[in-house]
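For reference, positions follow the sequence shown, starting with 1. Each ligand, and each atom within it, is numbered from 1 in the order the structure gives. Basis for what follows: all heavy atoms, side chains included, without hydrogens, waters or symmetry-related copies.
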Amino acid sequence: MTDTAPESGAVFLGEYKIKRIAVMELLGLTAVELGKKIATKEVPVREALDAVYTRMDAVEEKYHCYITQNREKAYEEAVQIQARIDAGELRGPLAGVPVAIKDNLCTEGLMTTCASKILYNFVPAYTATAVKKLQEAGAVIPGKTNMDEFAMGSTTETSAFGVTKNPWDASRVPGGSSGGSAAAVAAGECWYALGSDTGGSIRQPAAHCGVVGIKPTYGTVSRYGLVAYASSMDQIGPLAKDVTDAATVLEIISGCDAKDSTSIQRKNTQFTKALVEDVRGLKIGIPREYFGDGLDPEVAAAVKKAAEELKAAGAVVEEFDIPLVEYAIPAYYTIADAEASSNLERFDGIKYGYRAGDYKDLHDMYKKTRSEGFGPEVKRRIMLGVFVLSSGYYDAYYLKALKVRTLIKKAFDDAFAKYDVILGPVAPTTAPKLGESLSDPLKMYLSDVYTVSANLAGLPAISLPCGRDHNGLPIGLQLIADCFREDVLIRTAYTYEKIRGKQ
Ligand code: GLN
């Protein structure tokens with residue numbers, strides 16, 4: 001069993017009270033464990049879905065992990081999937097296991113809002129490749145999860161549909177932008193979830209909610225059907241209860257896709273083969289710069305302790321200096337906002353989504369639609385993005401940021417010439433209180449300092465729990481590997497998880 005939020009075991013389950021034990025037992029399983037029970041017919045798919053909705057009925061009002069629930073269709077799908085399992089057609093490890101999907105992943109016939117008013121009624125005509133791959137493997141979708149509007153934020157507070165609360169402490173944020181997905185897994189409102197990570201949006205909420213999240217090497221998972229934020233950095237990945245679940249999901253969703261020209265044909269995507277408990281001889285580097293000012297001492301201590309434990313298990317652990325850390329945030333926000341300003345041009349009130357009710361002419365319609373449809377954080381990013389791309393400023397900001405990006409990539413290349421894994425924190429603090437970050441966007445941007453470099457350089461990275469602070473809040477450990485080396489990440493994370501499990 002992995003960490004579950006403290007309130008998981010003590011909930012009122014309404015009319016399902018009689019089934020309480022069975023439901024809580026089911027919800028306590030990992031996705032792979034549940035998959036096994038479904039495969040052996042011990043648990044019908046329908047019952048797994050019942051458990052999710054029972055749990056949602058009990059706690060969704062409190063945590064608000066989902067934007068859209070998919071009850072009717074999910075039960076129809078469950079019947080079909082059950083039939084295919086019974087017929088022996090579906091044999092994968094996650095056949096029949098429900099998955100929560102972040103609301104920036106298109107799902108045919110199921111509302112996809114990106115947590116924005118501008119897409120409040122958007123029902124896509126197609127399904128994102130990553131979601132489709134899960135469906136082909138037998139996944140059922142109980143609902144779409146809350147997020148920061150267009151994945152812009154670190155707390156899930158910029159959603160136009162209200163905030164998600166952290167299941168470990170409902171007065172705190174779950175992190176973001178995939179906060180609904182992370183909180184749904186932590187609150188037992190689903191077994192696993194998909195998120196997207198442009199600058200930390202899988203890893204950071206995973207850390208704040210005490211779950212495991214993987215941001216794969218850029219190009220590993222098709223972005224087809226993912227509503228673009230910053231296309232050169234966006235990647236889809238799993239949020240799960242443990243490393244085994246996360247590796248299993250990643251194996252299913254990865255693969256080259258003709259519909260995404262940046263997706264890569266790569267061979268070593270059998271990630272579950274890397275679930276090996278052995279770090280002997282592995283070289284782990286810890287950047288000294290990651291432990292400077294601004295890092296909460298309790299987070300620093302937990303991360304250092306994890307490094308010591310890996311060392312005791314046979315890894316070679318060394319501190320080293322990585323240059324340019326202070327430029328990662330400005331480079332990231334310059335590039336991400338530039339790309340966002342271009343990507344978000346398509347939301348003009350013509351083709352889909354919200355359209356202002358009262359306008360004089362076409363331009364007035366555009367203006368009013370976008371003014372009313374986008375929230376303040378999205379507008380801030382569009383303005384900044386348009387500014388850094390404008391003539392006269394392009395060279396000074398955007399081009400310079402691209403150069404910094406290249407240098408950061410080079411710094412990591414140099415580091416990976418010496419180390420297999422880079423180990424550090426995910427976020428400077430544990431989950432902040434609700435409302436704390438919104439008043440100071442710059443401070444919020446700075447909290448991404450440890451995560452954005454992996455996106456700028458296209459590297460794979462994992463976040464997994466490594467302890468709690470004095471308030472009992474989860475602390476995340478981040479491991480970063482060289483491109484295409486998820487296997488090393490998974491092996492290290494799996495070994496560490498085993499060490500922790502024995503404590
Ligand atoms: N917090 C970062 C941002 O707001 C990262 C978001 C993400 O990864 N989608 O841009």
Side-chain angles (χ1 to χ4, degrees), residues 102-105 114-116 145-159 164 173-182 193-209 213-216 218 221 223 226-239 328-344 374-385 388 401 405 425-429 431-432 436-438 440-463 476 478 480:
K102 186 176 181 179
D103 212 21
N104 59 352
L105 287 158
C114 288
S116 181
T145 54
N146 200 13
M147 53 184 278
D148 282 297
E149 186 177 359
F150 285 104
M152 296 171 187
S154 310
T155 62
T156 311
E157 291 170 297
T158 71
S159 167
T164 294
V173 302
S177 66
S178 313
S181 288
L194 285 191
S196 67
D197 191 312
T198 306
S201 278
I202 289 175
R203 290 161 284 160
Q204 188 255 32
H208 288 343
C209 291
I214 301 181
K215 178 248 169 236
Y218 185 78
V221 179
R223 291 182 297 111
L226 166 69
V227 179
Y229 162 15
S231 318
S232 76
M233 295 184 277
D234 298 339
Q235 267 294 285
I236 299 164
L239 287 129
I329 291 286
Y332 167 79
Y333 276 94
T334 304
I335 295 166
D337 292 357
E339 292 186 26
S341 69
S342 166
N343 277 325
L344 268 55
F374 290 132
E377 185 59 33
V378 174
K379 285 181 188 157
R380 188 162 25 237
R381 309 259 179 138
I382 293 174
M383 283 193 284
L384 215 90
V388 299
R405 181 178 194 173
V426 178
T429 62
E436 227 170 53
S437 315
L438 277 185
D440 190 350
L442 262 186
K443 196 173 155 210
M444 186 181 78
Y445 297 172
L446 288 173
S447 73
D448 298 333
V449 60
Y450 307 119
T451 48
V452 294
S453 296
N455 303 76
L456 285 166
L459 304 166
I462 188 168
S463 165
Q478 180 173 216
I480 309 173

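- For Asp448, every heavy-atom contact with ligand 1 shorter than 4.0 Å involves the side chain, none the backbone.
- Summarising the contacts of atom 6 (C) of ligand 1 with Ser178, Ser201, Ser154, Gly199, the nearest heavy atom is found in Ser201.
- A side-chain donor-acceptor contact under 3.5 Å links Thr158 to the backbone of Glu149.
- With hydrogens and angles ignored, the 3.5 Å screen pairs a side-chain donor or acceptor of Asp234 with a backbone N or O of Tyr229.
- A heavy-atom separation below 4.0 Å is found between Gly200 and ligand 1.
- The shortest N or O to N or O distance between Asp197 and ligand 1 is not below 3.5 Å.
- In Ser177, the part holding a heavy atom less than 4.0 Å from any atom of ligand 1 is the side chain.
- Close N/O approach between Tyr332 and ligand 1 is found [any backbone or side-chain N/O within under 3.5 Å].
- Counting all heavy atoms, side chain and backbone alike, Ala206 lies closest to Leu239 at CB-CD2, 3.8 Å.
- Counting heavy atoms closer than 4.0 Å to ligand 1, residue Tyr333 contributes side-chain atoms (C-beta onward) but none from N, CA, C or O.
- Under a 4.0 Å heavy-atom criterion, Met444 is not in contact with ligand 1.
- Of all atoms in ligand 1, listed by their number and element, those nearer than 4.0 Å to a heavy atom of Met152 are 4 (O).
- Between the side chain of Asp148 and the backbone N or O of Glu157 there is at least one donor-acceptor pair closer than 3.5 Å.
- Taking the six-membered ring where the residue is Trp, Phe150 and Phe374 present perpendicular rings, their angle passing 60° and hence far from 30°.
- No part of Met147 comes within 4.0 Å of ligand 1, judged by heavy-atom distances.
- Looking only at distances, a side-chain donor or acceptor of Glu339 sits under 3.5 Å from a matching main-chain atom of Ser232.
- For a threshold of 3.5 Å applied to N or O pairs, the pair formed by Tyr229 and ligand 1 contains at least one separation below that value.
- Side-chain atoms of Asp448 never come within 3.5 Å of backbone atoms of Ile329 as a donor-acceptor pair (strictly under, hydrogens ignored).
- Atoms of ligand 1 found under 4.0 Å from any heavy atom of Ala151, numbered from 1 in the order shown, are 6 (C), 7 (C), 9 (N).
- Of the possible polar contacts, one joining the Lys215 side chain to the Leu459 backbone as a donor-acceptor pair under 3.5 Å is found.
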